[in-house]
Chemist: 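Here it is, the structure in full.
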Amino acid sequence: MPLTRLRLGYLPLIDAAPLVIGHEMGFAAEEGLELDLMRLTAWAQSRDMLGAGLIDAAHMLVPMPIGQALRLGPDLPPFDLVMFLSHGGQAFAVNSTIETRLRALGHGFDFADARAAGEALRRAVPGVLRVGVPFTFSTQFELVSHWLGACGFLHDELELVTVPPPKMADAVAAGEVDAICVGEPWASFAVERGVAALLLPGIAIWAAPPEKALVLRRDFTEARPDETGALMRTLWRAGRWLDDPAHRGTAAEILSRAEYLDLPSELAERGLAGKLMVASGGEMRGAPGFIAFNAGAASFPWKSIAALIGGNIARRRGLDPAWAMQAAMAHFRTDLYRQHLRPAGAALPGASLRLEGMLTEDRTVPAEKGQMILRADRFFDGFTFEPEIQA
Amino acid sequence: MEKRLSIIIVEPDKERALPIVDGLREVGDHDIRIISEETGLARQIAEHRPDVVLIDLANPSRDILEELALASGPTERPVAMFVDRSDEQLTRAAIEAGVSAYVVDGLRPDRIKPILDAAIARFHMFQRMRTELAATRAALEERKIIDRAKAVLMKARGIDEEAAYALLRKTAMDQGKRVAEIAQQLVMAAGLLTCR
């Protein structure tokens with residue numbers, strides 16, 4: 001049987017692994033698909049190419065389709081987010097000057113306590129802190145504003161600046177930003193260049209920050225349900241393969257090839273294995289669970305996440321949060337997740353909305369069939385979010 | 001008379017930027033600037049307050065313009081949005097050609113369209129030139145390889161150039177491959193055999 005060809009856009013980051021592994025390890029072929037992986041250079045490019053139908057599906061920052069749903073992007077056909085591809089994978093790094101000051105204050109770069117790290121940072125930086133984030137609508141933006149907002153940085157003391165991930169190290173070196181929050185391997189790349197030190201992994205701020213998602217055009221998910229389902233099952237199985245710790249080294253090797261990341265595999269392996277180098281001096285730090293793809297229902301696109309992020313974006317842009325939450329939730333397709341991943345044996349939660357930030361540790365809960373484990377998702381400051389449900 | 005439009009082209013490659021400028025000059029009297037140095041892009045654009053910014057769809061600096069396009073303060077808002085002002089077909093044509101445009105809010109579609117059309121035409125020209133260049137380069141490489149393969153055969157078998165080429169062609173036909181592929185294999189094998 002001939003394979004159906006699908007064009008997928010991705011940006012060079014370790015969290016593109018489900019696409020690359022789905023293709024390279026034959027999960028796509030098992031589903032009758034041939035994946036044509038296209039490496040892109042800008043998030044806006046990915047969004048526009050998806051909108052124009054030049055790619056069929058995209059590896060996208062979770063908040064991007066929310067920005068589109070809130071009409072904060074160009075006038076393109078509606079998008080659907082059908083599953084998350086990863087949680088975590090981000091790191092926050094500071095320039096050498098701030099690193100020196102933090103060490104002088106006695107901070108140990110121990111990755112352990114986001115509150116202590118944030119408050120030390122507040123003391124080390126007298127005025128405005130400029131932080132590079134990959135995109136206006138990004139998990140990094142959400143993480144940094146939540147974390148540093150709770151650690152004493154006032155609204156006008158925090159300047160979040162868009163910097164393309166491969167340029168993060170340059171931006172720190174040129175003094176355009178003081179710190180960066182970016183997906184791996186680009187924080188480690190800055191460490192390797194000797195211009196930055198890792199202060200925290202994203203999971204220290206929010207234990208399960210949804211980072212990348214599979215996004216398609218709604219007319220595609222409607223007109224081609226079979227291919228949509230086949231693609232989702234491909235990436236879901238690739239994610240399950242990736243969550244076996246024994247596979248992470250292999251994944252780093254494959255992902256680092258010239259046609260994908262085109263970097264030394266040792267760099268990609270740091271994030272994938274959860275063993276990061278804090279500073280160029282060689283200090284290593286373990287970050288268990290630094291990135292997750294599938295375990296603990298990581299791929300389930302909770303509508304409450306859409307509401308949480310949609311509400312945040314709305315408040316920043318002077319839009320009505322209640323409207324924004326509803327608008328965002330309509331594009332998180334838990335119904336398609338259930339329909340297309342049930343046959344693959346994915347554990348399905350009873351509800352599609354939940355109280356975010358409630359789980360201090362992994363918890364076994366009733367599922368549609370039997371039981372399932374949900375990942376811990378607590379915020380460092382105990383923040384919780386309950387979406388307002390309109391009947 | 002209508003005010004001249006201020007247009008900025010963000011393009012690090014001068015060779016690419018200049019023909020776009022020429023293309024735009026043909027469709028109207030505009031004030032056109034090229035930004036080739038992308039550090040401090042947001043600041044540079046904010047200083048010029050252009051009506052239109054043209055940039056390659058795949059330029060990583062686009063994500064910086066996205067932020068600028070969403071900025072709320074009146075002084076921070078030189079450009080408003082994207083390529084969607086006129087019609088869907090134009091948007092698609094622009095994206096396919098690899099052009100993205102950021103246009104100041106309220107600028108009339110009939111003023112934007114000729115500019116975008118001209119940019120789209122130039123971007124297509126680049127795509128064609130790039131494809132042609134790649135093809136020419138590949139052909140040149142193949143000719144070099146075939147020449148080397150012929151030399152190997154001439155030396156090893158004591159035949160002349162014409163006979164060497166005929167042998168390559170016959171082998172290619174028998175195996176259902178291209179002459180260049182056979183030549184490549186031969187050169188590689190010869191390299192291995194002569195290695196000490």
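First the proteins, then the strands, lettered A, B, ... as listed; each starts at 1. What you see is a predicted model; the values in this text were computed from it and never measured.
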Chemist: Pick one of side chain, backbone, both or neither for B/Asn59, based on which atoms fall under 4.5 Å of a heavy atom in chain A.
Modeler: backbone

Chemist: Identify the residue among A/His146, A/Glu142, A/Arg317 that makes a side-chain hydrogen bond (donor to acceptor under 3.5 Å, both in side chains) with A/Asn312.
Modeler: A/Glu142

Chemist: With only heavy atoms counted, which part of A/Leu54 is less than 4.5 Å from chain B, the side chain, the backbone, both or neither?
Modeler: side chain

Chemist: Any chance the rings of A/Phe153 and A/Trp147 have centres within less than 6.0 Å?
Modeler: no

Chemist: If I measure from the heavy atoms of chain B, does A/Pro134 come under 4.5 Å with its side chain, its backbone, both, or neither?
Modeler: backbone

Chemist: Against chain B, label A/Leu160 side chain, backbone, both or neither, depending on which of its atoms sit under 4.5 Å from a heavy atom there.
Modeler: backbone

Chemist: Is A/Arg316 atom CZ crowded by more than 12 heavy atoms from other residues, nucleotides or ligands, each under 6.0 Å away?
Modeler: yes

Chemist: Which atoms of A/Ala174 come close to chain B, meaning under 4.5 Å heavy atom to heavy atom: side chain ones, backbone ones, both, or neither?
Modeler: neither

Chemist: Return yes when atom CZ of B/Arg169 has more than 12 non-hydrogen atoms of other residues, nucleotides or ligands closer than 6.0 Å, and no otherwise.
Modeler: no

Chemist: What part of A/Thr162 is in contact with chain B, defined as an atom under 4.5 angstrom from a non-hydrogen atom: side chain, backbone, both or neither?
Modeler: both

Chemist: Is the charged tip of B/Arg16 near the ring of B/Phe123: under 6.0 Å from the six-membered ring centre and within 45° of its axis?
Modeler: yes

